[in-house]
Trainee: 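Got a structure here, written out as structure tokens. Questions coming.
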2 protein chains.
Amino acid sequence: MSADGDRSADGDGLSAEAVVRLRLAIGRLHRQLVRASGDQDLTAARLSALARVKQHGPLRLGELAAHEGVAVPSMVRTVTPLVADGLVARTPDPRDGRSQLLAPTPLGLETLTRIRRERTALPAGRGTRLTPEQCRALEAALPVLELLLEEPG
Amino acid sequence: MSADGDRSADGDGLSAEAVVRLRLAIGRLHRQLVRASGDQDLTAARLSALARVKQHGPLRLGELAAHEGVAVPSMVRTVTPLVADGLVARTPDPRDGRSQLLAPTPLGLETLTRIRRERTALPAGRGTRLTPEQCRALEAALPVLELLLEEPG
DNA sequence: TATTGTTATACTCTATAACTATA
DNA sequence: TATAGTTATAGAGTATAACAATA
């Protein structure tokens with residue numbers, strides 16, 4: 001009944017309270033992030049796909065969709081403008097005529113570098129300066145958040 | 001040029017590397033979260049609004065929109081089904097005929113309680129069990145994430 | 001005239017279902 | 001027949017612009 005009393009109610013080790021707060025925070029941060037970026041061409045979904053393409057080298061559309069956790073038709077929609085904008089190259093898969101391999105173009109790599117240089121501000125556009133301790137807390141949590149992202153398979 | 005060498009490049013105290021990773025992680029976690037919930041009626045945006053209405057007592061539509069950081073017409077779309085489903089009550093504002101006050105109904109409060117009881121799993125549906133240390137890292141970062149959410153004003 | 005909320009319209013992101021081309 | 005990808009269509013969520021009602 002107390003907010004902290006259900007620590008091991010489920011198997012996850014986090015209190016139900018913390019899970020709910022984390023869920024709400026992620027949704028709201030995402031909203032801020034999408035709105036603040038304001039980038040018409042390189043939207044959040046496209047940037048995520050582009051970063052994934054860079055990370056995992058040449059890969060097929062279905063593989064990319066699996067990595068990103070979206071349906072294949074959704075990824076078609078995401079990738080098409082990236083190709084049109086010259087950030088991702090589609091080359092025929094020599095081993096399977098049905099597939100094409102996706103890889104970042106030089107412009108795509110440049111773009112990622114530029115974004116990494118420009119978007120050094122925190123997702124929220126607040127003027128808040130975090131204390132060193134708060135920065136450490138975020139940095140410590142980052143690998144855990146990324147762990148939650150790994151594909152279930 | 002090392003990944004950790006630009007710690008104080010901007011004013012935020014987080015490395016550019018960490019900011020980029022945090023941005024990507026939030027976007028991807030949000031996607032997982034929305035997809036995993038699968039709740040047709042109480043979507044993520046509606047749940048967020050409902051929780052906010054509970055938290056801030058009776059409030060007007062424009063206030064709620066400001067809290068959630070969305071445009072007023074967007075909030076109209078979000079609130080309408082909540083009212084239709086009986087989770088939020090709209091009562092005329094006695095002091096301003098243009099406004100109505102939003103408050104959670106008993107059913108809305110029950111629903112929040114039920115969700116808090118049910119959704120104790122982490123956003124990602126993975127079977128992963130976090131170590132106690134990882135749980136502590138998440139819990140320590142949670143207030144920092146929430147700090148980033150506070151309205152800029 | 002300014003403000004609150006609504007409706008009209010459009011765009012992104014996502015999904016499922018139906019289709020084409022290749023294996 | 002099965003698989004990789006595409007296109008068609010639909011729905012959630014968001015925005016801006018135009019409108020109505022009230023202050």
Side-chain angles (χ1 to χ4, degrees), chain A residues 24 26-50 52-53 58-85 88 90-102, chain B residues 24 26-50 52-53 58-85 88 90-102:
Chain A
L24 287 175
I26 287 170
R28 289 167 180 169
L29 281 168
H30 176 255
R31 206 157 35 196
Q32 281 194 355
L33 197 137
V34 166
R35 202 165 56 138
S37 93
D39 206 326
Q40 293 296 337
D41 289 337
L42 196 55
T43 61
R46 290 175 203 170
L47 176 59
S48 183
L50 176 57
R52 190 79 74 173
V53 165
L59 78 180
R60 305 202 288 179
L61 182 72
E63 292 170 340
L64 176 57
H67 278 301
E68 288 287 280
V70 301
V72 167
S74 304
M75 191 47 74
V76 172
R77 292 299 176 89
T78 300
V79 162
T80 299
L82 287 173
V83 173
D85 291 346
V88 166
R90 263 197 195 115
T91 58
D93 184 340
R95 287 184 286 192
D96 189 335
R98 298 169 299 182
S99 284
Q100 291 159 336
L101 294 177
L102 303 171
Chain B
L24 287 175
I26 287 170
R28 290 166 180 169
L29 281 168
H30 177 256
R31 208 156 32 196
Q32 282 195 355
L33 197 136
V34 166
R35 204 166 53 140
S37 91
D39 205 325
Q40 293 297 339
D41 288 338
L42 197 54
T43 61
R46 291 176 202 168
L47 176 59
S48 183
L50 177 57
R52 191 78 75 173
V53 165
L59 79 179
R60 307 201 288 177
L61 183 71
E63 292 170 341
L64 176 57
H67 277 301
E68 288 287 280
V70 301
V72 167
S74 304
M75 190 47 73
V76 173
R77 292 296 178 87
T78 301
V79 161
T80 299
L82 287 172
V83 173
D85 290 347
V88 165
R90 262 196 194 116
T91 59
D93 185 338
R95 287 183 286 191
D96 189 336
R98 297 169 300 181
S99 284
Q100 292 159 336
L101 294 176
L102 303 171

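Here is the naming used below: chain letters follow the sequence lines, and residue numbers restart at 1 for every chain. What you see is a predicted model; the values in this text were computed from it and never measured.
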Trainee: In whole Å, what is the span from the NE2 atom of B:His30 to the C1' atom of C:dC13?
Mentor: 11 Å
Trainee: Please report the closest heavy-atom contact between A:Val88 and A:Leu50, naming both atoms and the distance.
Mentor: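 Taking every non-hydrogen atom into account, CG2-CD1, 3.8 Å.
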Trainee: If you compare all heavy atoms of A:His30 against all heavy atoms of B:Gly27, which two are closest, and at what distance to 0.1 Å?
Mentor: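 Looking at all heavy atoms of both residues, the closest pair is CD2-CA, 3.7 Å.
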Trainee: At less than 4.0 Å, is any side-chain N or O atom of B:Arg31 found next to OP1 or OP2 of C:dT14? Yes or no.
Mentor: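 For C:dT14, OP1 or OP2 has a side-chain N or O of B:Arg31 closer than 4.0 Å.
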Trainee: Less than 4.0 angstrom between a side-chain N/O of B:Arg35 and OP1 or OP2 of C:dC13, yes or no?
Mentor: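 So the side-chain polar atoms of B:Arg35 never come under 4.0 Å of the phosphate oxygens OP1 or OP2 of C:dC13.
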Trainee: Which nucleotide in the list D:dT14, C:dT12, C:dA8 gets nearest to the side chain of B:Pro73?
Mentor: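 Nearest to the side chain of B:Pro73 among the choices is C:dA8.
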Trainee: Which residue, B:Asp96, B:Thr91, B:Leu59, forms the side chain to side chain contact (heavy atoms under 4.5 Å, CB included) with B:Leu101?
Mentor: B:Thr91
Trainee: Report yes if a side-chain nitrogen or oxygen of B:Ser74 is closer than 4.0 Å to either non-bridging phosphate oxygen (OP1 or OP2) of D:dA15; otherwise report no.
Mentor: yes
Trainee: Output the rounded distance in Å from CG (A:Asp93) to P (C:dA21).
Mentor: 19 Å
Trainee: How would you label the contact of B:Arg60 with the nucleic acid (heavy atoms, under 4.0 Å): base, sugar-phosphate, or nothing?
Mentor: sugar-phosphate
Trainee: Would you kindly check whether a donor in the side chain of A:Arg90 faces an acceptor in the base of D:dT6, or vice versa, at under 3.5 angstrom?
Mentor: no
Trainee: Round to a whole Å and report the spacing from CG of B:Leu61 to C1' of D:dT22.
Mentor: 16 Å
Trainee: Roughly, in whole Å, what's the span from CG in A:Leu33 to P in C:dC13?
Mentor: 13 Å
Trainee: Could you state the atom-to-atom distance from CE of A:Met75 to C1' of C:dA15 in whole Å?
Mentor: 13 Å
Trainee: Nearest to the side chain of A:Arg98, which nucleotide is it out of D:dA2, D:dT6, C:dT12?
Mentor: D:dA2
Trainee: If you pin A:Ala71 and A:Arg95 to their nearest nucleotides in DNA chain C, which one's is more 5'?
Mentor: A:Ala71
Trainee: Please report the distance, rounded to the nearest Å, between CZ in B:Arg28 and P in C:dC13.
Mentor: 14 Å
Trainee: Checking B:Arg60 against B:Leu102 for the side-chain contact (heavy atoms from CB on, under 4.5 Å) test, could you report, in this order, the C-alpha distance in whole Å, the side-chain angles of both residues, the deciding distance, and whether it holds?
Mentor: CA-CA 6 Å; B:Arg60 307 201 288 177; B:Leu102 303 171; over 6 Å; no
Trainee: Looking at every non-hydrogen atom in both residues, tell me the closest pair between B:Ser48 and A:Leu24 and how far apart they are.
Mentor: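 Answer, listing the atom of B:Ser48 first, then A:Leu24: CA-CD2, 3.8 Å.
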Trainee: Does the side chain of A:Thr78 get closer than 4.0 angstrom to OP1 or OP2 of C:dT14 through an N or O atom?
Mentor: yes
Trainee: Whole-Å distance between C:dT4 P and B:Leu59 CG?
Mentor: 13 Å
Trainee: Once you round it to whole Å, what is the distance between P of D:dT14 and CZ of B:Arg46?
Mentor: 10 Å
Trainee: B:Ser99 side chain N/O closer than 4.0 Å to the phosphate oxygens (OP1, OP2) of C:dG5?
Mentor: yes
Trainee: Is there a side-chain polar atom (N or O) of A:Arg77 under 4.0 Å from OP1 or OP2 of C:dA15?
Mentor: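 Checking A:Arg77 against C:dA15: no side-chain N or O falls below 4.0 Å of OP1 or OP2.
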Trainee: Just checking A:Ala45: base, sugar-phosphate only, or nothing, at a heavy-atom cut-off of under 4.0 Å?
Mentor: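 Touches sugar-phosphate only.
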Trainee: Would you mind telling me which of D:dA4, D:dG5, C:dT6 lies closest to the side-chain atoms of A:Asp96?
Mentor: D:dA4
Trainee: Rounded to the nearest 0.5 Å, how far apart are OG1 of B:Thr80 and CE of B:Met75?
Mentor: 10.5 Å
Trainee: Between B:Val72 and A:Val76, which residue's closest nucleotide on DNA chain D lies nearer the 5′ terminus?
Mentor: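 Upstream on the strand: A:Val76.
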